[in-house]
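What follows is a set of notes on a single structure, which appears directly below.
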Amino acid sequence: MATIILGIETSCDDTAAAVIVDGKLRANVVSQQLEHENYGGVIPELASRAHVERITAVVETSLSEANIDKKDLTAVAYTQGPGLIGSLLVGNAFAKSLSLALNIPLIAVHHMQAHLLVHFINDNFPTPNFPFLGLTVSGGHTQLVYVNNAYSFDVLGETLDDAAGEAFDKTGKMLGLPYPSGPIIDKYAKLGTAKFTFARPSVPNLNFSFSGLKTSVLYFLRSAQEKDSDFIKKNLYDLCASIQAAIVTVLVEKVKTAVKQTGLKQVVLGGGVSANSGLRIALEDFDMELFLPPLPYTTDNAAMIAMAGYLKFKKGSFANLTSEPKARTSI
Ligand code: KG4
Ligand code: ZN
């Protein structure tokens, strides 16, 4: 009998559902909440309301695209955390209700682990072998992770303040760009030159810090605009190239050090910032095997939740109705 896993993702501002049949992706539906663009960031209350409005339709669409009837599901996997608590609650409650109504197992998935396990989707892109070095770079997280296997992850280093995606989004906001600014900075950076230098705070070991970079951009822009109020407009592409170069340099240096320290030869990227073209190009220069997720699997999606759920299902690792959503939880 086929193993059919429904994955549900509602950790932030994307309502998503996916279906995996015997390890193969059959449907992957994402409804993006574009309304946050106007606010310069995700408004938690708006995000949870939008999840409530959309989740039934998103799940039903994923099942019909996969040509699967609810009653044939083997298990339901959902993002337990980390994320916005109100958003998580919607997916958690929906998954628990389905599990109860259909009498099928419930699988709680860690969002950041799933960003790395997305590479195991059998979808014509290469799959790493365990153990490997993971770099998770998203709007809320930046971590270097020793991935022993699909169920065991050790954090080697992480950000002490802002995440890499946050650094893109917050500096983008200073430039007057809409949220999320990461993809826009990436696009504009290609048209400019990294001619401005911003602080690249050095923190010991494999931890990261991006708040100094953010402050450095803020002070630089303030003083430049005092002299020329059109400075940002005139230099937008070069500013984007310079900000991207600074963030990428910090990430790449730490990856290099981690490769040296662990002796691991495979580096696997996950999370929204892994879509960044500057980061992708910079990492390709190293003597290591690089695994980059295809672009649709970089930002939040439910395919990664269904895949992580499938791997946990094979191990028999189940949650129950008392498992609580976790806004903050270590990988
Ligand atoms: O993984 P993700 O979709 O959501 C979280 O789990 O946080 O990551 C979203 C983050 C945002 O900060 C967004 O600006 C950033 O990923 N991002 C990018 C790019 N695409 C998305 N940052 C830089 N370059 C990109 N191409
Ligand atoms: Zn994410």
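Whatever order the structure lists ligands and atoms in, that order sets their numbers, starting from 1. Just so you know, these numbers come straight off a predicted model, no measurement behind them.
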Residue from Asp162, Asp169, Asp161 passing salt bridge (Lys or Arg N to Asp or Glu O under 4.0 Å) with Lys214: Asp162
Under 6.0 Å from the CZ atom of Phe318, do we count more than 12 heavy atoms belonging to anything else shown? yes
Considering only heavy atoms of Asp186, which atoms of ligand 1 have at least one such atom less than 4.0 Å away? 24 (N), 25 (C), 26 (N)
Of all the atoms in His115, is at least one N, O or S atom closer to the Zn ion (ligand 2) than 2.8 Å? yes
Below the 3.5 angstrom mark, is there an N/O of Gly165, backbone or side chain, next to an N/O of ligand 1? yes
His141 near the Zn ion (ligand 2) via N/O/S, less than 2.8 Å: no
Heavy-atom distances under 4.0 Å decide this one: backbone, side chain, both or neither, for Asn276 against ligand 1? both
What part of His115, side chain, backbone, both or neither, has a heavy atom within less than 4.0 angstrom of ligand 1? side chain
Mark up the atoms of ligand 1 that fall under 4.0 Å of a heavy atom belonging to Ser138, in ascending order. 1 (O), 5 (C), 6 (O), 7 (O), 8 (O)
Ligand 1 contacted by His111 (non-hydrogen, < 4.0 Å): yes
Tell me whether Cys12 reaches ligand 1 (any heavy atom closer than 4.0 angstrom to a ligand atom). no
Numbered in order shown, the ligand 1 atoms found under 4.0 Å of a heavy atom of Pro180 are 13 (C), 14 (O)
